[in-house]
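First up is the structure itself, then whatever we jot down about it.
None of these values were measured; they are calculated from a predicted model. Counting from 1, the numbers follow the sequence of the chain as shown.
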Amino acid sequence: MIIPRVPVQHRRLLPDHRLSGPTPWVIAILMMLTLLAAAAGVGLARSANAIGDAIAGRVTVQIVTANPVTRAEQAAALRRAAAAQPFVLSARSVEQEELQATLGQWFGSSEGDDPVLKSLPLPALVDIDFVGEDRAGPMRALRALVAREAPGARIIPHAEWLGPVARLIRSLAWIAGAMVLLMALASAAVVIMTARAALGTHYATIEMLHLIGATDRQITRLFQRRIAIDTAYGIALGSLVATAILLLIGWQWSGVTSGLAATASLGAAGWVLLLALPLLAIALAALTARQTLLAALKKIL
């Protein structure tokens with residue numbers, strides 16, 4: 001005997017109101033937090049990479065000779081000698097005005113024109129960038145060069161004092177990535193609970209549909225569509241709120257032009273990832289709902 005396929009009207013089983021239950025709102029909150037955590041993770045990772053690239057092969061030679069004329073002469077001689085070396089990519093003398101301007105930011109004088117600052121005996125600094133990734137050989141050669149051109153000067157590798165900062169920022173990026181994963185799992189758990197609650201609410205109707213010939217796949221499509229729509233509404237709402245927050249932060253961040261904060265940005269790849277996350281979330285929700293419904297319907301005879 002052929003059992004005719006029974007058309008199932010989903011509007012008679014499930015409410016048709018948009019954002020009527022708690023599921024879309026919970027999904028919206030989780031989606032917003034997921035996007036913000038992902039943006040933070042991408043920005044922190046890019047900042048850590050930028051700092052790592054900047055400090056990987058850079059050292060600063062600090063000349064502290066008491067005589068200012070001698071300091072300037074040693075700095076100039078060291079810069080010329082270092083620039084002529086094959087292992088040196090670039091050598092630059094840091095001007096006294098630049099040092100005074102930097103100190104002025106700490107002492108409340110943005111232009112560094114404070115007479116007190118100008119009277120301070122500031123050291124002479126020479127920034128040197130190495131060629132390639134080998135550091136041991138160039139460092140030994142630089143020590144010999146510094147001992148000859150500027151006796152008593154200190155060599156300060158940037159990795160010694162900025163390396164821990166880069167590692168901390170990279171750790172925070174990993175934490176942000178873990179938060180994205182946890183919130184994805186939380187969203188999947190919400191979808192699972194929603195699917196099971198829907199089946200429990202309409203248990204009697206599902207039994208009747210089974211008796212008149214409806215298959216598990218037909219009933220699954222019925223509930224999956226409703227859950228997918230609710231989830232998509234929540235994801236869209238959360239994405240819009242997160243986008244507004246990120247645009248506001250980006251507008252304020254555009255005024256940051258110096259310091260470590262200026263290295264944090266999303267970049268093109270970061271924005272592509274943020275645009276892909278809502279689509280991945282919808283696909284994950286649909287797949288989770290389908291598998292949950294099929295597994296639960298096998299127990300309903």
Heavy atoms, side chains only, cut-off 4.5 Å: are Ile235 and Ile27 in contact?
-> yes
Do Thr231 and Val191 touch side chain to side chain, with heavy atoms closer than 4.5 Å?
-> yes
Heavy atoms, side chains only, cut-off 4.5 Å: are Arg58 and Ile128 in contact?
-> no
Hey, does Ile245 have a side-chain heavy atom less than 4.5 Å from the side chain of Met32?
-> yes
Linking I/L/V/M/F/W/Y whenever any side-chain heavy atoms sit under 4.5 Å apart, do Val190 and Leu284 land together?
-> no
So, for Pro151 and Glu149, which heavy atoms are closest and what is the spacing to 0.1 Å?
-> CD-C, 3.7 Å
Quick check: are there more than 12 heavy atoms from other residues, nucleotides or ligands sitting under 6.0 Å from CZ of Arg92?
-> yes
Linked, directly or transitively: Leu125 and Val64 (ILVMFWY side chains, under 4.5 Å) = no
Is there a path from Met183 to Ile282 through hydrophobic residues (I, L, V, M, F, W, Y) whose side chains come within less than 4.5 Å of each other?
-> yes
Got a second to check how far Ile229's CD1 is from Thr23's OG1, nearest 0.5 Å?
-> 13.5 Å
Neighbour count above 12 (heavy atom, 6.0 Å) for Trp271 CH2 | yes
Same cluster (ILVMFWY, side-chain, under 4.5 Å), Ile192 and Leu30 = no
Same apolar cluster: Ile175 and Leu44, side chain cutoff 4.5 Å | yes
Considering only heavy atoms from C-beta outward, does the side chain of Ser239 approach that of Leu35 to under 4.5 Å?
-> yes
Arg143: salt bridge (Lys or Arg N to Asp or Glu O under 4.0 Å) partners, not counting sequence neighbours | none
State, yes or no, whether a side-chain contact exists between Val59 and Met139 at a heavy-atom distance under 4.5 Å.
-> yes
May I ask you to test the Asp129-Val88 pair for a side-chain heavy-atom distance under 4.5 Å?
-> no
Side chains of Leu142 and Ile155: does their closest heavy-atom pair fall under 4.5 Å?
-> yes
